Amino acid sequence: MRVLHFFKTYYPDSLGGIEQVIRQLCVGTARLGVENEVLTLTRDRHNALLHFEGHLVRRVRLDFEIASTGFSLGAIGQLARLAKQFDVIHYHFPWPFMDLAHFLARVKKPSVVTYHSDIVRQKQLLKVYQPLKYRFLGSIDHIVATSPNYLASSPVLKRYPGKTSVITYGLDKSIYPQPEPALLAQWRERCGERFFLFVGVLRYYKGLHILLDAIAGCPFPVVIVGAGPIEEELKGHARRLGLSNVMFLGALPEIDKVALLQLCYAVAFPSHLRSEAFGISLLEGAMYGKPMISSEIGTGTSYINSNGETGLVVPPSDPQALREAMLHLWQHPELAADMGRQAEQRYWELFTADKMAERYVELYRSLRRSP
């Protein structure tokens with residue numbers, strides 16, 4: 001079986017959560033006999049074809065962007081040509097150009113959309129895009145929600161009850177690098193024996209301004225890993241608050257990220273808007289057996305982090321509640337350790353890449369059998 005994935009960004013240009021999911025899908029389903037390719041856009045004028053972890057990445061030049069949506073005339077032709085060679089086309093939503101490309105390329109093969117997130121921020125442009133969005137989703141054979149929480153809370157997904165199911169994200173711990181003791185010691189010396197950790201792209205919906213407000217005057221350190229469009233704004237906010245207990249490390253290689261996940265006391269994940277549909281780095285915290293603190297925003301974050309079991313869930317945009325939750329874990333290390341153990345157990349029960357791959361392969365096969 002051959003499956004073509006289509007999304008606006010992918011390795012090596014971008015290392016975000018959706019890219020990680022596509023990566024895990026390609027690696028996991030390949031073990032079950034699926035041949036995957038990824039069609040994506042790039043600013044790179046070279047290396048149109050790349051081999052990555054057993055699958056081919058086809059990169060088409062990005063022509064221009066409107067409201068963070070990449071457009072590429074070349075991608076339409078590529079999609080039309082490639083769709084004839086594949087058994088299933090797997091789209092990753094949201095990406096408005098993808099909807100348009102699907103129709104212009106006249107794709108007739110079985111199709112599935114993984115619905116990663118509602119469009120939350122661009123409300124005016126959404127009014128213009130909405131007819132295309134509904135026509136696209138209506139034309140697709142099957143839609144996958146990434147958590148029962150998101151399926152229950154998304155007004156868009158509620159329009160398609162007959163062809164929507166839930167397949168949660170999954171991670172393969174074995175493909176993560178294992179840091180050497182010397183690297184762990186290096187980070188332990190730099191960050192201390194106990195610290196809260198945030199990992200992710202520094203975007204508006206991550207709620208890091210809330211985290212900074214929450215830790216003012218607190219006794220514990222916070223380490224922030226990641227770069228992004230609001231990095232300087234956050235650093236300025238930390239300076240205005242006079243914070244000496246926060247460390248911005250910027251983007252790091254994966255092996256350093258893993259070292260910090262292994263060393264941290266707990267994971268703080270303060271995303272406060274529904275743009276945070278799941279939280280891959282939150283799931284990585286669970287995978288490494290760490291207690292978590294997150295906000296209740298009606299998405300997959302509260303499916304990963306079960307309140308009172310694997311960590312604590314607080315109201316969004318509430319620095320006081322976030323501070324109290326962090327202090328509670330900090331002051332009760334036995335509780336934190338127990339929650340971390342339960343978080344890892346929940347990962348193995350629900351969120352492995354093998355489980356995700358098996359369910360997607362079942363879906364692909366069912367689409368091929370459909371008349």
Side-chain angles (χ1 to χ4, degrees), residues 17 171 173 176 179 184 187-200 202 206-226 234 238 243-249 252 256-272 276 278-297 300-316 318-348 350-351:
L171 300 178
K173 193 174 183 179
Y176 283 72
L184 292 169
W187 281 114
R188 186 180 293 109
E189 181 178 357
R190 184 172 176 183
C191 299
E193 291 293 332
R194 286 209 301 169
F195 57 91
F196 285 93
L197 178 68
F198 168 87
V199 178
L202 308 187
K206 295 291 184 179
L208 288 165
H209 60 291
I210 303 162
L211 177 61
L212 296 178
D213 289 341
I215 65 173
C218 289
F220 43 75
V222 171
V223 173
I224 295 175
V225 174
L234 290 170
L243 298 181
S244 60
N245 56 333
V246 62
M247 186 181 300
F248 289 91
L249 297 180
L252 293 176
D256 295 290
K257 183 187 78 172
V258 170
L260 291 165
L261 280 165
Q262 290 183 7
L263 292 171
C264 72
Y265 182 71
V267 169
F269 201 78
S271 295
H272 64 304
E276 188 68 79
F278 195 82
I280 288 296
S281 59
L282 186 67
L283 182 55
E284 287 173 335
M287 184 174 72
Y288 282 100
K290 302 300 176 177
M292 299 166 282
I293 299 175
S294 58
S295 299
E296 180 52 75
I297 50 177
T301 61
S302 296
Y303 189 57
I304 298 168
N305 185 20
S306 178
N307 187 37
E309 177 187 354
T310 62
L312 300 173
V313 179
V314 301
D318 190 336
Q320 181 62 34
L322 181 58
R323 178 187 298 116
E324 290 173 0
M326 296 174 78
L327 280 169
H328 188 69
L329 283 189
W330 191 257
Q331 293 167 354
H332 297 88
E334 291 184 3
L335 173 66
D338 184 56
M339 286 179 165
R341 285 189 290 269
Q342 292 185 84
E344 184 174 6
Q345 181 179 341
R346 187 170 174 84
Y347 157 74
W348 287 111
L350 298 176
F351 298 113

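Hydrogens, waters and symmetry mates are skipped; everything else that's a heavy atom, side chains included, is used. Keep in mind it's a predicted model, so treat the numbers as computed, not measured.
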Kindly list each side-chain donor-acceptor pair under 3.5 angstrom involving residues 208-217, sequence neighbours excluded, with atom names and distances?
| residue | atom | partner | partner atom | Å |
| --- | --- | --- | --- | --- |
| D213 | OD1 | H237 | NE2 | 2.8 |

How close do S295 and V313 get, counting heavy atoms only, and between which atoms? C-CG1, 3.9 Å
Check whether any side-chain heavy atom of L263 lies under 4.5 Å from a side-chain heavy atom of C191, and answer yes or no. no
Those residues at least two apart in sequence (or on a different chain) that pass side-chain hydrogen bond (donor to acceptor under 3.5 Å, both in side chains) with S302 are E296
What's the spacing between L282 CG and I304 CD1 if we round to 0.5 Å? 4.5 Å
Quick test of your reading: applying salt bridge (Lys or Arg N to Asp or Glu O under 4.0 Å), list the pairs with at least one residue in residues 283-295, sequence neighbours left out, ordered by first then second residue. K257-E284
List in chain and number order the residues that pass salt bridge (Lys or Arg N to Asp or Glu O under 4.0 Å) with K206, two or more places apart in sequence or in another chain; answer none if no residue qualifies. E276
Partners passing salt bridge (Lys or Arg N to Asp or Glu O under 4.0 Å) against R194 (at least two apart in sequence or in another chain): none
F198 and A268 have their tightest heavy-atom pair at CD1-O, 3.5 Å
Would you say that V222 contacts L243 through its side chain, given a criterion of any heavy-atom pair below 4.5 Å between the two side chains? no
Partners passing side chain to side chain contact (heavy atoms under 4.5 Å, CB included) against L350 (at least two apart in sequence or in another chain): Y303, R346
For Y347, which residues count as a ring pair (Phe, Tyr, Trp, His ring centres under 6.0 Å) partner, sequence neighbours excluded? none
Which atom of A336 lies closest to which atom of Y265, heavy atoms considered: CB-OH, 3.5 Å
Got M287 and L283 here, is their nearest side-chain heavy-atom distance under 4.5 Å? no
Find out whether T301 and M292 are in side-chain contact, i.e. whether some heavy atom of one side chain is under 4.5 Å from a heavy atom of the other. no
Which residues satisfy the side-chain hydrogen bond (donor to acceptor under 3.5 Å, both in side chains) test with R323, sequence neighbours excluded? Q320
D256: side-chain hydrogen bond (donor to acceptor under 3.5 Å, both in side chains) partners, not counting sequence neighbours: W187
Would you please name every residue forming a side chain to side chain contact (heavy atoms under 4.5 Å, CB included) with A266, sequence neighbours left out? F196, P291, L329
When rounded to the nearest 0.5 angstrom, what distance separates CG in L260 from CE in M247? 9.5 Å
Minimum side-chain heavy-atom gap N305-V267 below 4.5 Å: no
Please enumerate all residues that pass side-chain hydrogen bond (donor to acceptor under 3.5 Å, both in side chains) together with N307, with sequence neighbours excluded. none
How would you list, by chain and number, every residue that makes a side chain to side chain contact (heavy atoms under 4.5 Å, CB included) with Q262, sequence neighbours excluded? Q178, P179, L184, V258, Y288
First locate atom CG of L327, then atom SG of C218, and finally report the distance between them rounded to the nearest 0.5 Å. 5.0 Å
Which is it for F195 and N245 under the side-chain contact (heavy atoms from CB on, under 4.5 Å) test, yes or no, and what are the steps along the way? CA-CA 10 Å; F195 57 91; N245 56 333; over 6 Å; no
Student check: side-chain heavy atoms of V314 and E324 closer than 4.5 Å: no
